[in-house]
Amino acid sequence: MDLKVLVGIFLAAILTENYILNKFLGICPFLGVSKKLNTAFGMSCAVTVVMVIATAVTWPVYTYVLVPNDLGYLQTIVFILIIAALVQLLEIVLHKYMPPLYNALGIYLPLITTNCAVLGVTMLVLEKGAADASFGYVQSLVNAFGAGIGFLVAMVLFAGVRERLELCDVPKFLKGLPITLIAASLVAVSFLGFNGIVDGLLS
């Protein structure tokens, strides 16, 4: 197993294939939980854990249970059920051991169940595996972990930007959602500069 390829997959998931800034998945928590740095970080860590564990469970379920029994068409509903169970487990753990974070995340914690970024990671790794036979279980886990870190990077960066915006004299007609969307687009564009670096690692 080529370490260079794994590093390339990891960096691509963070930078050039960022699920928020490139694939536009998980926009709801990106805009809703990024007002404060601590909640953005906590939410991102929770999402990363769910992404990795969900991929670790759904990949073998799809490969060794659904496909051999011609049940591949059930992957979406099966994956959602698995993700929902993992989120419930995570919610119980946070409620017991990290009450402040649990209270800060509020409604956004159970919404991880329907976070399209989490479902997107579990489904897109299967597409990559179908397109490239060498993209197996380990590569899928590395991709999921990278996607989670990419989610964290995007959330933390944007939280920092939004905290700065609170101190700026924004024109009245741009206050609120307009300036937030403009800032989000600029953060997304800034990630385009990493394309050459990652392509060089994967080639």
Side-chain angles (χ1 to χ4, degrees), residues 1-34 37 40-59 62-63 75-76 79 83 108 112 114-165 179-203:
M1 191 176 297
D2 193 344
L3 181 60
K4 182 181 177 181
V5 172
L6 294 179
V7 172
I9 293 171
F10 180 72
L11 291 179
I14 297 174
L15 303 174
T16 59
E17 295 182 9
N18 190 288
Y19 278 74
I20 292 180
L21 303 177
N22 182 270
K23 300 184 184 298
F24 307 111
L25 299 174
I27 296 297
C28 178
F30 179 63
L31 295 176
V33 192
S34 59
L37 187 59
F41 181 79
M43 176 72 166
S44 301
C45 291
V47 168
T48 301
V49 170
V50 173
M51 279 183 176
V52 174
I53 299 177
T55 301
V57 175
T58 55
W59 195 94
Y62 178 81
T63 305
Q75 68 170 348
T76 303
F79 286 10
I83 292 168
Y108 290 100
I112 296 176
T114 55
N115 188 337
C116 52
V118 178
L119 183 61
V121 167
T122 59
M123 298 186 75
L124 290 175
V125 292
L126 298 177
E127 288 186 13
K128 291 181 179 181
D132 183 1
S134 64
F135 198 95
Y137 187 61
V138 174
Q139 288 82 355
S140 298
L141 291 178
V142 170
N143 181 82
F145 183 59
I149 298 301
F151 190 95
L152 186 148
V153 168
M155 290 283 286
V156 169
L157 280 177
F158 195 52
V161 170
R162 292 186 73 172
E163 287 186 354
R164 288 291 187 94
L165 284 175
I179 192 64
T180 301
L181 294 176
I182 291 170
S185 64
L186 292 175
V187 172
V189 168
S190 68
F191 274 62
L192 293 176
F194 294 108
N195 281 334
I197 298 173
V198 176
D199 288 343
L201 282 171
L202 292 173
S203 61

Checklist entry - Given L181 and L31, is the side-chain contact (heavy atoms from CB on, under 4.5 Å) satisfied, shown in steps? => result CA-CA 9 Å; L181 294 176; L31 295 176; 4.2 Å; yes
Checklist entry - Stepwise, does the side-chain contact (heavy atoms from CB on, under 4.5 Å) test hold for I27 with I20? => result CA-CA 6 Å; I27 296 297; I20 292 180; 4.2 Å; yes
Next on the checklist: Assess the residue pair F135 and I9 against the criterion (side-chain contact (heavy atoms from CB on, under 4.5 Å)); give the C-alpha distance rounded to whole Å, side-chain angles, the decisive distance to 0.1 Å, and a yes or no.
Outcome noted: CA-CA 10 Å; F135 198 95; I9 293 171; 3.8 Å; yes
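Residues W59 and G136 approach most closely at CZ2-C, 4.0 Å, considering heavy atoms. The heavy-atom pair separating A183 from L165 by the smallest distance is CB-CD1, 4.0 Å. Taking each heavy atom of A159 and A40 in turn, the nearest pair found is CB-CB, 3.9 Å. Taking both residues in full, the closest heavy atoms of V121 and A147 are given as CG2-CB, 3.7 Å, listed atom of the first, atom of the second, then distance. The two atoms that bring I14 and G146 nearest to each other are CG1-O, 3.3 Å, heavy atoms only. For the residue pair S34 and F158, the shortest heavy atom distance occurs at OG-CD2, 3.4 Å.
Annotation: side chain of M155 is not in contact with side chain of V47 (no heavy-atom distance under 4.5 Å).
When T122, V50, L126, V118 are each tested for a side-chain contact (heavy atoms from CB on, under 4.5 Å) with T55, only one passes: T122.
In this structure a side-chain-to-backbone donor-acceptor pair under 3.5 Å is missing from Y19 to G148. E163 contributes a side-chain N or O that, together with a main-chain N or O of L37, makes up a donor-acceptor pair within less than 3.5 Å.
To the nearest 0.5 Å, the span separating NZ on K23 from CG on L124 amounts to 6.0 Å. Note that the CG atom of N22 and the CG atom of L15 stand 10.5 Å from one another [nearest 0.5 Å]. Taking CZ from F30 and CG from L21, the interatomic distance works out to 5.5 Å, rounded to the nearest 0.5 Å. The structure places CD1 of I53 at 11.0 Å from OG1 of T48, a figure rounded to the nearest 0.5 Å. Atoms CE and CG, on M51 and L119 in that order, are 10.5 Å from each other to the nearest 0.5 Å.
Note on ring orientation: taking the six-membered ring where Trp is involved, the planes of F145 and F10 are parallel (angle under 30°, cut-offs 30° and 60°).
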